[in-house]
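Worksheet: the structure to be examined is printed underneath.
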There are 2 protein chains.
Amino acid sequence: MSSKLFNPAATIKDVAAQAGVSVMTVSNVLRGRGRVSEETRRRVLETAERQGYRPNLTARALVERKAPTLALMLSCITNPFYPEFALAANLQALKHERHLLVCNTDHEPDRGTGFLEQVAGSLSDGVLVANNADLPIDELRALQERGIPVVISVWERPDEPPGIPCVTFDSEGAGRLAAQHLVEYGHRRIGAIVGSPKHGIHGGRYAGFREVVRAAKIRQSTADERFTEDSFEHGYEAAKDLLSARPDLTAIFVSNDLPALGVLNAASDLGFSVPGGLSVVSITDIIPARQSRPGLTTVAIPTAEMAEKGVNLLVELMAGRATEATVVHTSAPKLVVRGSTARLR
Amino acid sequence: MSSKLFNPAATIKDVAAQAGVSVMTVSNVLRGRGRVSEETRRRVLETAERQGYRPNLTARALVERKAPTLALMLSCITNPFYPEFALAANLQALKHERHLLVCNTDHEPDRGTGFLEQVAGSLSDGVLVANNADLPIDELRALQERGIPVVISVWERPDEPPGIPCVTFDSEGAGRLAAQHLVEYGHRRIGAIVGSPKHGIHGGRYAGFREVVRAAKIRQSTADERFTEDSFEHGYEAAKDLLSARPDLTAIFVSNDLPALGVLNAASDLGFSVPGGLSVVSITDIIPARQSRPGLTTVAIPTAEMAEKGVNLLVELMAGRATEATVVHTSAPKLVVRGSTARLR
DNA sequence: TTGAAAGCGCTAACAT
DNA sequence: ATGTTAGCGCTTTCAA
């Protein structure tokens with residue numbers, strides 16, 4: 001029963017009862033729908049306020065068949081790329097009145113599967129996938145076939161769409177910019193450390209790099225390259241290995257900032273001075289890239305833009321205004337020169 | 001209508017109809033409740049599988065009056081402390097079959113308010129608050145009075161509980177360990193950079209530091225101290241200011257890792273060699289602390305443990321097994337010596 | 001301008 | 001062992 005006073009568990013019925021109107025009128029007033037007399041409006045608003053009424057989003061979601069959340073799937077929030085992405089996605093989702101449900105799939109494919117099984121299409125209307133490696137493409141497609149909107153929000157291959165709507169960026173262009181920078185600085189003995197297999201997630205970045213190197217008539221052998229995983233530690237180890245084997249390198253291209261920071265440390269531990277004795281360039285421009293000493297020269301990719309466009313695409317998809325073949329492009333990558341690269345002299 | 005085949009929008013009714021049983025039996029089979037014959041069980045499971053049925057968590061939540069999510073409120077996921085916290089909280093929440101809803105309140109008190117208003121008690125059963133500064137205590141208390149479980153999961157003052165259930169750690173002890181380390185290494189001219197006002201969030205850490213410094217009969221003047229904000233950039237600026245004014249300092253205590261990393265950079269930019277010319281110690285032990293060069297000597301606080309215990313406390317609270325006065329303590333902070341400190345010689 | 005009835009998909013309580 | 005009834009809190013018809 002409704003009381004005159006504050007009611008911590010007030011439902012729409014309580015408000016209606018006390019305001020002396022029907023639940024429908026309360027609903028209309030609160031959502032600004034329908035026609036309600038100013039007088040009634042005020043009384044309802046007042047009553048709701050007094051009782052401390054707040055609509056139950058779960059009930060609303062059930063009847064509207066529309067969840068108030070978006071699911072964000074990423075491999076590990078501890079990788080500094082993801083917080084930056086998640087923040088932008090969160091803010092954009094809010095603009096569409098959605099909250100963000102986060103899933104860390106890290107090293108546990110089951111976790112992602114379970115999450116999608118449970119959440120997608122019931123708790124969340126759609127899924128934004130930011131995983132770089134280990135994309136569970138088949139499961140995503142299965143979801144899609146169920147009619148659940150899915151967006152891959154960091155797709156690295158603009159020319160090879162995944163059959164799932166995606167937001168992409170020019171990863172080859174990024175690789176080219178990084179390589180061009182080294183070439184322009186006069187480097188001819190350039191190593192490469194890639195945070196994936198040759199044709200894996202960083203394949204585009206690597207291809208761009210190779211294209212420029214080849215055009216500059218620079219000899220590149222597999223001895224100058226290391227394909228590893230996309231982490232600080234793997235970058236560190238790969239650099240130790242590479243620099244020990246090829247101490248004559250004057251520059252290293254790294255496919256991603258996080259391993260590049262590891263490369264910087266490895267160089268320092270091996271006694272290479274950066275950028276005096278060794279230049280390092282990479283791709284992404286995460287926050288720690290500008291906090292290292294020296295600062296990391298890198299090619300910035302439009303992280304926040306991808307997050308925002310990913311959320312927008314998801315919303316479009318839910319409204320039926322986008323298809324499985326939709327590919328959203330983003331701004332061109334941009335070179336950011338900091339202290340880790342220097343002209344060869 | 002139910003069909004023999006896969007049905008992307010299958011409800012429990014569809015499964016029941018096709019399996020030739022009541023919805024209740026399906027519900028029981030799927031949740032392993034009640035008594036169901038093996039024969040029926042198999043048929044139901046098979047039908048559900050074939051139709052691709054997945055329970056609607058929203059509907060379940062509504063009728064069970066139990067939300068499938070926990071809300072995590074933090075100031076900015078971009079601060080590397082929070083991803084580490086959020087990951088542990090996420091995993092622990094999963095153990096209680098809850099997903100995590102994330103809210104970045106950063107610099108937008110309204111955002112936090114709006115989030116809590118909407119989410120707490122409707123989409124989420126409870127709220128885990130990890131904000132360090134700017135705690136909206138009044139709002140949290142208001143939620144609590146509504147019967148919504150709220151837990152402050154990183155409380156720095158074990159002796160001054162906030163009137164809201166919390167997880168705390170020995171911040172003074174952490175400050176003492178950091179200071180003791182410097183004193184044992186022979187430092188007598190020690191500066192302090194604190195990421196909050198004197199009696200703000202890092203007040204406990206600072207008090208611990210001061211206690212040891214005073215006991216060691218070291219003179220400390222306000223000229224050796226800087227109170228600033230808890231960020232990389234503020235740490236950098238404060239250190240530049242402090243080191244310019246007091247270049248004779250041989251060590252600096254910083255209340256948190258993130259500003260301490262800024263301090264390391266400032267020292268480097270001013271030509272101080274760390275640890276040769278200046279030792280730096282701080283508190284927390286975030287991942288970047290071990291990735292810097294030199295590695296940051298710091299006092300590790302039990303971040304993951306606080307996240308886990310925070311989630312557990314929330315669950316206890318929801319079950320009525322904890323009260324507003326509950327204070328959960330965590331393991332003692334522990335010194336981690338890396339390369340940023342050296343014995344004075 | 002307002003209200004009554006129906007039902008979103010599910011489960012609790014009570015039959016049978 | 002299985003089914004029926006009722007209803008979670010809300011919104012969507014449709015009627016008054």
Side-chain angles (χ1 to χ4, degrees), chain A residues 1-2 7-45 47-48 51-68 97 118-119 121-125 146, chain B residues 1-2 7-45 47-48 51-68 97 118-119 121-125 146:
Chain A
M1 276 299 77
S2 70
N7 172 3
T11 73
I12 198 170
K13 273 188 193 165
D14 299 316
V15 177
Q18 184 164 105
V21 297
S22 75
V23 289
M24 209 42 235
T25 301
V26 176
S27 177
N28 280 332
V29 168
L30 260 33
R31 290 176 310 147
R33 303 253 188 102
R35 276 166 296 283
V36 185
S37 77
E38 188 50 38
E39 151 68 14
T40 311
R41 223 184 78 82
R42 257 225 330 288
R43 203 167 67 251
V44 168
L45 250 25
T47 311
Q51 299 211 358
Y53 169 75
R54 295 172 320 155
N56 182 322
L57 297 192
T58 298
R60 186 176 283 174
L62 181 60
V63 65
E64 285 185 337
R65 301 150 148 282
K66 167 173 173 306
E97 303 182 284
Q118 285 192 11
V119 168
S122 90
L123 266 188
S124 291
D125 272 347
R146 293 195 134 126
Chain B
M1 274 296 77
S2 69
N7 172 3
T11 72
I12 197 169
K13 272 187 193 164
D14 299 316
V15 177
Q18 182 164 104
V21 298
S22 76
V23 289
M24 208 45 232
T25 302
V26 176
S27 176
N28 280 333
V29 168
L30 260 32
R31 292 177 309 146
R33 304 255 188 102
R35 275 166 297 284
V36 184
S37 78
E38 188 49 38
E39 151 66 16
T40 310
R41 222 184 80 84
R42 256 222 334 285
R43 203 168 66 252
V44 167
L45 249 23
T47 312
Q51 300 213 358
Y53 168 76
R54 296 171 320 154
N56 182 321
L57 297 192
T58 299
R60 187 178 282 174
L62 182 60
V63 64
E64 285 185 334
R65 305 153 145 281
K66 168 172 173 308
E97 302 182 284
Q118 284 192 11
V119 169
S122 90
L123 267 188
S124 291
D125 272 346
R146 291 194 137 129

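Every chain is numbered from 1, with letters handed out A, B, ... down the list of sequences.
Every residue two or more places apart in sequence or in another chain that forms a side-chain contact (heavy atoms from CB on, under 4.5 Å) with A/Ala61 is listed here: A/Pro68, B/Thr58. Applying the salt bridge (Lys or Arg N to Asp or Glu O under 4.0 Å) criterion to A/Arg41, with sequence neighbours excluded, gives A/Glu38. Shown here are the side chain to side chain donor-acceptor pair (under 3.5 Å) partners of B/Arg65, two or more places apart in sequence or in another chain: there are none. B/Arg43 is linked by a side chain to side chain donor-acceptor pair (under 3.5 Å) to B/Glu39, counting only residues two or more places apart in sequence or in another chain. Partners of B/Ala48 under the side-chain contact (heavy atoms from CB on, under 4.5 Å) rule, at least two apart in sequence or in another chain, are B/Val15, B/Tyr53. In terms of the side chain to side chain donor-acceptor pair (under 3.5 Å) criterion, residue partners of B/Thr25 (sequence neighbours excluded) are, by chain and number, B/Ser22. Residues that satisfy the side-chain contact (heavy atoms from CB on, under 4.5 Å) test with A/Ala19, not counting sequence neighbours, are A/Val21, A/Val44, A/Thr47. Residues that satisfy the side chain to side chain donor-acceptor pair (under 3.5 Å) test with A/Glu97, not counting sequence neighbours, are absent from this structure.
For the pair B/Arg60 CZ and D/dG9 P, the interatomic distance rounds to 18 Å; values are reported in whole Å. One can place CZ of A/Arg33 at 15 Å from P of D/dC10, the figure rounded to the nearest angstrom.
For DNA chain C, the outermost nucleotides in 5' to 3' order that have an atom under 4.0 Å from a heavy atom of chain A are C/dT1 to C/dG9.
Contact between A/Asp14 and A/Gln51 at its shortest, heavy atoms only, is CB-OE1, 3.4 Å.
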Quick test: give all pairs of protein nitrogen or oxygen and nucleotides 1-5 of chain D nitrogen or oxygen below 3.5 Å, distance rounded to 0.1 Å.
from: D/dA1; atom 1: OP2; to: B/Arg35; atom 2: NE; distance (Å): 3.2
from: D/dT2; atom 1: OP1; to: B/Ser37; atom 2: OG; distance (Å): 3.3
from: D/dT2; atom 1: OP1; to: B/Thr40; atom 2: OG1; distance (Å): 2.6
from: D/dT2; atom 1: OP2; to: B/Ser37; atom 2: N; distance (Å): 2.7
from: D/dT2; atom 1: OP2; to: B/Ser37; atom 2: OG; distance (Å): 3.3
from: D/dT2; atom 1: OP2; to: B/Thr40; atom 2: OG1; distance (Å): 3.2
from: D/dG3; atom 1: OP2; to: B/Ser22; atom 2: N; distance (Å): 2.7
from: D/dG3; atom 1: OP2; to: B/Ser22; atom 2: OG; distance (Å): 3.2
from: D/dG3; atom 1: OP2; to: B/Thr25; atom 2: OG1; distance (Å): 3.0

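Remark on the helix from C/dT1-D/dA16 to C/dT16-D/dA1: inter-end axis angle 40°, axes from five-pair C1' superpositions, rounded to 10°.
Note on B/Lys66: every side-chain N or O is 4.0 Å or more away from OP1 and OP2 of D/dC8. Residue B/Arg65 places no side-chain N or O under 4.0 Å from the OP1 or OP2 atom of D/dC8.
In this structure, CG in B/Leu30 is found 6.5 Å from CG in B/Leu45, a value given to the nearest 0.5 Å.
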